[in-house]
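Scroll down for the structure; my scribbles are underneath it.
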Number of protein chains: 2
Amino acid sequence: MLKQDTTFVPDEAPVSHLHKVKSTSADKTSITLADQILVQIQTSIIKGELPAGSKINEQALAEKYGISRGPTREALQTLERQRLVVRAPHVGARVAQLTVSELNDLYQLRSVLEGMACELAASRITPEQLAKLEDLLATQEAALAKGDTYFQEEGDVDFHYQIIQASGNKHLQETLVGGLYHLLRMYRYQCTNKNRPVKAIAEHRRIVEAIAQRDGELASLLMRRHIEQGRKNTELRLIELQANAAAKETLANIS
Amino acid sequence: MLKQDTTFVPDEAPVSHLHKVKSTSADKTSITLADQILVQIQTSIIKGELPAGSKINEQALAEKYGISRGPTREALQTLERQRLVVRAPHVGARVAQLTVSELNDLYQLRSVLEGMACELAASRITPEQLAKLEDLLATQEAALAKGDTYFQEEGDVDFHYQIIQASGNKHLQETLVGGLYHLLRMYRYQCTNKNRPVKAIAEHRRIVEAIAQRDGELASLLMRRHIEQGRKNTELRLIELQANAAAKETLANIS
DNA sequence: AAATATTAAATTGTCGACAATTTTATTGTT
DNA sequence: AACAATAAAATTGTCGACAATTTAATATTT
């Protein structure tokens, strides 16, 4: 089990004391138990190790990570905010279910929000942010050539994330990154289609070009179209997946 | 101790549990302690009884409502999801600060989202929902004639809420109602301008007409314009309010 | 006296136990 | 055997106590 010995010392950044560092979060590695297990449960859910729709037992989960129910409960509530679990009073938590109709709702919303992000980013992005974005794009294209599918996935998340970041709208960021993005990753992880990235990255390039030219309207349009492509892809795989599950169930009922 | 008259219930809990087959549980008043105090703290914050930016002490808050820190903590986390509270590990919770830049971010996002809601509502609204909406509008106009400002405020919230509901997009609903709306109410309550509703309700009527005619594009445009009016109004009052606060502070520093 | 280091107090994070409620198992009746 | 009522088990909600950390107060050095 994990007991907290924070004795690992390799003290990091020689932060200048000149100006107050006011980073919002995510600098230290071990803040709180709830935060630590949060990311672990997150990935368990996204990867499907905790199956979609399955019941979550607080006690069992707490024991699995060697902690008490307090922090576990807190992590569960955060997961609820991220749409990865659904909780009901006195009844408990379940892993979110993946349905076609919800997928469409989700992507429809995402499309509008990331379109907005593009429009803002086109007018507000800094040269540094733009350079970073183009770097990422280059890396992605390189990864594509090598066939590194895992990095492609991560790179795609980063791509969208950086544009959202460049929008500069705090509430938009929070809504997308803190609210919708995790569920999105779950759909994408479990309904992924390996041979799509080829086109996706080309679309990324066009979006970045539009942003670089400060053409927010075009960037927004391209982004919405790009996301719609992703939706179609994911929807197809999801339908396929649910058909399999249904077939398996009827089989079990017969025997 | 607490002189809390439990009769004051600021509704605002109609979460959509749409497909719940066996909802036999009659809504007794005893759901969960966290939920109960949640709405109380909510209204305290929105009304400014807990001032914007002020520190929140878990212990004190728990004692005020005569419960332990557990449920209090949970309520605080929900408040964080609703953007009414900002928390940091080991340092605690503060009531959200009201700033002009955040107000603009918030309204910009809201504008896009409610525009989307209008577009969807125009194509999906049912006759029953439309009738209900027109009823509300009539009631609002009546209240306006009588000068009932409190109901006007509540009515406005209801108006937007019903359109969001009619959009039928679950994630959109959750994002607006569960995420942004509470903070919005806080801004509006504390930066309200009494003589605006006259025009606002006329704008409401035009939006409903557009929806009734299934003209989503127009409805969306009118809604975004309507919200922009609200933003301007609120921004003016907020600047005024902050100027006062600043003046008071310098005065205190001098003496 | 100002700035820094040290100590004390207050506050948040975590735990284990118990109470309230739901879910499952059992019993009895038709 | 199916159904309803009852009892047992499991699970969630709440509490109070203690540990870890931050904030305030005090002492020390320049």
Side-chain angles (χ1 to χ4, degrees), chain A residues 1-9 11 15-18 20-25 27-41 50 53-80 85-95, chain B residues 1-2 17 20-41 50 53-80 85-95:
Chain A
M1 314 293 131
L2 85 167
K3 200 48 183 167
Q4 44 194 8
D5 56 357
T6 45
T7 54
F8 103 94
V9 185
D11 200 359
V15 176
S16 65
H17 305 61
L18 295 183
K20 279 286 174 76
V21 180
K22 188 70 184 302
S23 68
T24 51
S25 63
D27 358 91
K28 292 188 182 151
T29 46
S30 71
I31 313 255
T32 222
L33 277 185
D35 285 343
Q36 286 174 262
I37 67 161
L38 170 62
V39 292
Q40 305 197 46
I41 306 177
L50 289 176
S54 64
K55 181 86 198 318
I56 295 179
N57 185 305
E58 290 182 3
Q59 183 88 327
L61 200 59
E63 279 168 11
K64 176 173 173 183
Y65 293 106
I67 65 177
S68 80
R69 274 179 54 218
T72 305
R73 211 150 210 287
E74 207 152 320
L76 246 18
Q77 203 185 342
T78 302
L79 259 351
E80 186 183 31
V85 316
V86 179
R87 294 195 326 160
H90 288 289
V91 103
R94 307 194 84 91
V95 178
Chain B
M1 297 307 286
L2 84 164
H17 295 112
K20 201 61 165 187
V21 185
K22 32 180 55 179
S23 65
T24 55
S25 63
D27 13 19
K28 292 186 177 177
T29 50
S30 67
I31 314 275
T32 224
L33 277 185
D35 285 343
Q36 285 175 259
I37 67 163
L38 170 63
V39 292
Q40 304 198 46
I41 306 177
L50 288 176
S54 63
K55 180 86 198 315
I56 295 179
N57 186 305
E58 289 181 3
Q59 182 89 325
L61 200 60
E63 280 169 9
K64 177 174 174 185
Y65 294 106
I67 64 176
S68 80
R69 274 178 56 220
T72 305
R73 214 153 208 286
E74 207 152 320
L76 246 18
Q77 203 186 341
T78 302
L79 259 350
E80 186 183 30
V85 153
V86 179
R87 293 194 326 160
H90 288 290
V91 71
R94 306 194 84 92
V95 178

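Just so we're on the same page: letters track the sequence lines, and every chain starts at 1.
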Problem set entry | Pairing residues for A/A34 by the side chain to side chain contact (heavy atoms under 4.5 Å, CB included) criterion, not counting sequence neighbours |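 A/A34 satisfies side chain to side chain contact (heavy atoms under 4.5 Å, CB included) with A/T32, A/P71, A/E74 once adjacent residues are dropped.
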Enumerate all atom pairs, one protein N or O and one N or O from nucleotides 10-12 of chain C, separated by less than 3.5 Å.
from   : atom 1 : to    : atom 2 : distance (Å)
C/dT11 : OP1    : B/N57 : ND2    : 3.2
C/dT12 : OP1    : B/K55 : NZ     : 3.2
C/dT12 : OP1    : B/I56 : O      : 3.4
C/dT12 : OP2    : B/E58 : N      : 3.4
C/dT12 : O3'    : B/H90 : N      : 3.4

Exercise. If you measure from CG on A/N57 to NZ on A/K64, what distance do you get to the nearest 0.5 Å?
Worked result: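 Between atom CG of A/N57 and atom NZ of A/K64 there are 12.0 Å.
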Separation of atom [atom1] in [X] from atom [atom2] in [N], rounded to whole Å:
X: B/R94; N: D/dT23; atom1: CZ; atom2: P; result: 10 Å
X: B/I67; N: C/dA19; atom1: CD1; atom2: P; result: 19 Å
X: A/L33; N: D/dA20; atom1: CG; atom2: P; result: 11 Å

Exercise. Listed by chain and number, what are the side chain to side chain donor-acceptor pair (under 3.5 Å) partners of A/R69, not counting sequence neighbours?
Worked result: A/E58
For this session: State which residue, out of B/V86, B/I41, B/L79, B/L50, fulfils the side-chain contact (heavy atoms from CB on, under 4.5 Å) condition with B/V95.
Result: B/L50
Exercise. Taking B/R94 for the side chain and B/G53 for the main chain, is one N or O donor matched with an acceptor at less than 3.5 Å?
Worked result: yes
